[in-house]
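Because the structure is predicted, anything quoted here is derived from the model rather than measured.
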Amino acid sequence: MKKRLFVILSLVLISGVLLAGCGDSSESSSDSHIKGDNASADNASAAGAENTPSQSGTELVARFGEEGEPFILHLYKNDTAAAIAKHVGTSDWNLPIYHYDDYDNWEVMQYYDIPSRYEIPSAPEKITEEKAGTVYYSEPNRIILFYKEAKVPAEYTPVGYFDYTEGFLDAVEKNPVVEGWGNKIICISDSK
């Protein structure tokens, strides 16, 4: 009974945060923290030809924590990434991490739960080796971020990637637990 009450209260809190958005920031998305090296090219080639960065330049801005530095999420050109961009374009996402240090491979990846009201198509591929900064989608409504290189066999749909830098790794690892929630969040917004 207590577990159900916790889940219901968590969903109410998540809804409130989603409606509040990530807040306004006057910082430029070309901040020095997002300067890439060859990781972005490696991520694109590792994901396959159909999962190359969109020719339209579709990008989202992500912040680890409510007031974190902005990092660009470069989206691949596929239906899953397009649906995520469409939904984020209508309402910024504040996605919680309910488990961040007590599941298999937590030291190389994090996952963020997307509210079930968002319908996102999926086309999972067998994944065996992930580059740091790679982002995937997993059913039911979950974004997977590999913030370190890993060898984790799974089936995920490629979504995009972050340019891997020490600043990016530091932001993910030092993402603060939100007071009163007992978990961390990632804020995702449209880059426009």
Side-chain angles (χ1 to χ4, degrees), residues 7 10-11 14 18 36 38-62 64 71-164 168-169 172-173 175 183-191:
V7 170
S10 296
L11 291 174
I14 291 168
L18 286 173
N38 292 331
S40 59
D42 290 344
N43 285 338
S45 64
E50 69 281 356
N51 293 316
T52 56
S54 171
Q55 296 302 321
S56 64
T58 303
E59 298 175 333
L60 298 175
V61 176
F64 298 92
F71 293 92
I72 299 297
L73 171 55
H74 306 276
L75 298 177
Y76 296 133
K77 192 173 186 177
N78 63 36
D79 292 342
T80 304
I84 289 171
K86 181 183 104 180
H87 293 310
V88 169
T90 63
S91 176
D92 292 352
W93 282 358
N94 289 328
L95 305 179
I97 308 169
Y98 284 109
H99 300 283
Y100 51 87
D101 64 0
D102 64 348
Y103 59 92
D104 287 342
N105 302 305
W106 68 269
E107 56 284 310
V108 296
M109 64 182 276
Q110 291 184 348
Y111 65 89
Y112 314 98
D113 291 329
I114 301 169
S116 61
R117 71 177 175 267
Y118 295 106
E119 291 186 30
I120 300 173
S122 180
E125 300 174 5
K126 287 186 185 224
I127 306 297
T128 57
E129 193 171 326
E130 293 75 32
K131 300 258 185 212
T134 306
V135 178
Y136 295 98
Y137 173 80
S138 173
E139 293 180 329
N141 278 22
R142 183 169 284 166
I143 290 179
I144 311 290
L145 165 64
F146 283 89
Y147 61 95
K148 292 184 181 175
E149 288 190 13
K151 291 184 179 185
V152 178
E155 288 196 12
Y156 298 132
T157 303
V159 171
Y161 64 93
F162 290 98
D163 292 325
Y164 180 81
F168 170 78
L169 177 61
V172 174
E173 291 183 328
N175 185 358
N183 58 27
K184 302 176 181 188
I185 64 168
I186 182 174
C187 299
I188 303 176
S189 60
D190 194 331
S191 63

| Pairwise side-chain contact, Phe71 with Val172, heavy-atom cut-off 4.5 Å (strictly under) | no
| request: For the pair Phe146 and Val152, evaluate side-chain contact (heavy atoms from CB on, under 4.5 Å) and give the outcome as yes or no after the intermediate values. | output: CA-CA 10 Å; Phe146 283 89; Val152 178; 3.9 Å; yes
| request: Quick one: do Ile120 and His87 satisfy side-chain contact (heavy atoms from CB on, under 4.5 Å)? Show the steps, please. | output: CA-CA 9 Å; Ile120 300 173; His87 293 310; 4.1 Å; yes
| So how far is it from Lys86 NZ to Thr58 OG1, rounded to the nearest 0.5 Å? | 14.0 Å
| query | Stepwise, does the ring-ring contact (aromatic ring centres under 6.0 Å, His included) test hold for Tyr118 with Trp93? | reply | CA-CA 11 Å; Tyr118 295 106; Trp93 282 358; 5.1 Å; yes
| said: Distance check, rounded to the nearest 0.5 Å: Glu130 atom CD versus Tyr136 atom OH? | reply: 4.5 Å
| said: Minimum heavy-atom separation for Thr157 and Pro124, please, with both atom names. | reply: OG1-N, 3.2 Å
| note | From the list Asn94, Leu95, Ile185, side chain to side chain contact (heavy atoms under 4.5 Å, CB included) partner of Tyr112 resolves to Leu95
| query | Which atoms form the tightest heavy-atom contact between Lys184 and Glu173, and what is the distance? | reply | NZ-O, 4.1 Å
| task | Using the side-chain contact (heavy atoms from CB on, under 4.5 Å) rule, take Ile188 and Ile143 through it: C-alpha gap first, then chi angles, then the decisive distance, then the call. | result | CA-CA 11 Å; Ile188 303 176; Ile143 290 179; 4.2 Å; yes
| request: Might you point out which heavy atoms bring His74 and Glu59 nearest each other, and give the distance in Å? | output: ND1-OE2, 3.2 Å
| query | Can you tell me how far CD of Glu149 sits from OG1 of Thr134, rounded to the nearest 0.5 angstrom? | reply | 8.5 Å
| task | Look at the aromatic rings of Phe64 and Phe168 and report parallel, tilted or perpendicular, splitting at 30° and 60°. | result | perpendicular
| Audit row: Asn175, Ile97, side-chain contact (heavy atoms from CB on, under 4.5 Å) steps and yes/no | CA-CA 10 Å; Asn175 185 358; Ile97 308 169; 4.3 Å; yes
| query | Which atoms form the tightest heavy-atom contact between Ile144 and Tyr111, and what is the distance? | reply | CD1-CB, 3.6 Å
| query | Atom CZ of Arg142 and atom CD of Gln110: how far apart are they, to the nearest 0.5 Å? | reply | 12.5 Å
| message | If you compare all heavy atoms of Ala81 against all heavy atoms of Leu75, which two are closest, and at what distance to 0.1 Å? | response | O-CD1, 3.8 Å
| note | Residues Asp190 and Gly89: closest non-hydrogen pair is OD2-CA, 3.7 Å
| task | Pick out which of Val159, Asp92, Ile72, Ile84 makes a side chain to side chain contact (heavy atoms under 4.5 Å, CB included) with Leu60. | result | Ile84
